[in-house]
Amino acid sequence: MKNWKLVSGILSIVLTFFVLLQSCAAGVSNSLQNNGEIGGSAGVVVAIMLLAGGITSVATREGGRGGNIALTVIYGIGALLGFTMAGSYADLMIWAGWCLVCAALAVIALVRKC
């Protein structure tokens, strides 16, 4: 699980910049269309959760119960917000799916005591 935490942490940190870029574009689009959606703002929060989860994952890759709990909460919040507030920003579902995968693997690491 150490390798997975390192790889997923680095990927999450790199994906943060793509999510931020797309979220800003979606936010501008929502504002221009005046459609009342908040997918762009939710994307920014998901990007922050990806960054926090990535840093936590890299920092706690050696194991420990607290790190896995923190990863589950951080990625879980990102997945929940991404799935519930995406609206017309369909790519946010992909990023929320990544958060869900990382949260599930953190739960597995927690149960296996890795």
Side-chain angles (χ1 to χ4, degrees):
M1 288 308 253
K2 284 194 298 188
N3 292 335
W4 169 252
K5 284 186 181 181
L6 181 64
V7 170
S8 69
I10 292 171
L11 281 175
S12 292
I13 291 169
V14 170
L15 287 176
T16 297
F17 301 107
F18 293 115
V19 177
L20 276 175
L21 179 68
Q22 285 184 341
S23 298
C24 290
V28 168
S29 174
N30 289 340
S31 294
L32 291 175
Q33 293 176 1
N34 199 17
N35 56 11
E37 291 184 358
I38 56 171
S41 300
V44 171
V45 175
V46 170
I48 291 169
M49 292 298 146
L50 277 171
L51 182 62
I55 292 169
T56 305
S57 181
V58 170
T60 63
R61 70 183 177 273
E62 295 299 324
R65 185 176 168 103
N68 290 326
I69 292 171
L71 285 173
T72 303
V73 170
I74 292 169
Y75 282 127
I77 290 171
L80 180 69
L81 291 176
F83 283 129
T84 57
M85 297 184 187
S88 61
Y89 177 23
D91 283 355
L92 191 56
M93 295 288 198
I94 296 170
W95 311 129
W98 173 252
C99 286
L100 186 63
V101 167
C102 290
L105 286 169
V107 169
I108 291 171
L110 183 65
V111 171
R112 290 182 58 199
K113 296 180 175 116
C114 295

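Note that this is a predicted model, so its numbers are computed, not measured.
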*Write down the atom of Cys99, the atom of Ala79, and the distance for their closest heavy-atom approach.*
CB-N, 3.7 Å

*Sub-4.5 Å side-chain heavy-atom contact between Lys5 and Thr56*: no

*asked:* Could you measure the distance from the CD1 atom of Ile10 to the CG atom of Leu15? Nearest 0.5 Å is fine.
replied: 12.0 Å

*Compare every heavy atom of Ser8 with every heavy atom of Ser57, then report the nearest pair and how far apart it is.*
OG-OG, 3.5 Å

*Should Phe17 and Val7 be regarded as members of a common hydrophobic cluster, given that ILVMFWY residues are connected when their side-chain heavy atoms come within less than 4.5 Å of each other, either directly or indirectly?*
no

*Hey, are the side chains of Ile94 and Asp91 touching, using non-hydrogen atoms and a 4.5 Å cut-off?*
yes

_Taking side-chain contact (heavy atoms from CB on, under 4.5 Å) as the criterion, tell me which of Val107, Val73, Leu110, Thr60 meets it with Asn68._
Leu110

What pairs of donor and acceptor atoms, side-chain ones from residues 38-53 against any protein atom, are under 3.5 angstrom apart with sequence neighbours left out?
none

_Contact check, side chains of Asn30 and Ser88, non-hydrogen atoms, under 4.5 Å_ = yes

*Taking the side chain from Arg112 and the backbone from Ala109, do they hold a donor-acceptor pair closer than 3.5 Å?*
no

*Side chains of Leu105 and Tyr75: closer than 4.5 Å at any heavy-atom pair?*
no

*Can you get from Phe18 to Leu11 by hopping between Ile, Leu, Val, Met, Phe, Trp and Tyr side chains that sit under 4.5 Å apart?*
yes

*asked:* Hydrophobic clustering (ILVMFWY, side-chain heavy atoms < 4.5 Å, transitive) - are Ile108 and Leu71 grouped together?
replied: yes

_I'd like to know if the side chain of Ser23 reaches the main chain of Val19, judged simply by a donor and an acceptor atom lying under 3.5 Å from each other, with no hydrogens or angles considered._
yes

*Which atom pair, heavy atoms only, marks the closest approach of Gly54 to Ser12?*
CA-CB, 3.9 Å

*For Gly97 and Phe83, work out which heavy atoms get closest and say how close.*
N-CZ, 3.7 Å

*Evaluate the side-chain proximity of Gln22 to Trp95: yes if any heavy-atom separation is below 4.5 Å, no if none is.*
yes

*Measure the spacing between CD1 of Ile74 and CD1 of Ile55 and express it to the nearest 0.5 Å.*
9.5 Å

*With the 4.5 Å side-chain cut-off for hydrophobic clustering, are Met85 and Ile77 part of the same group?*
yes

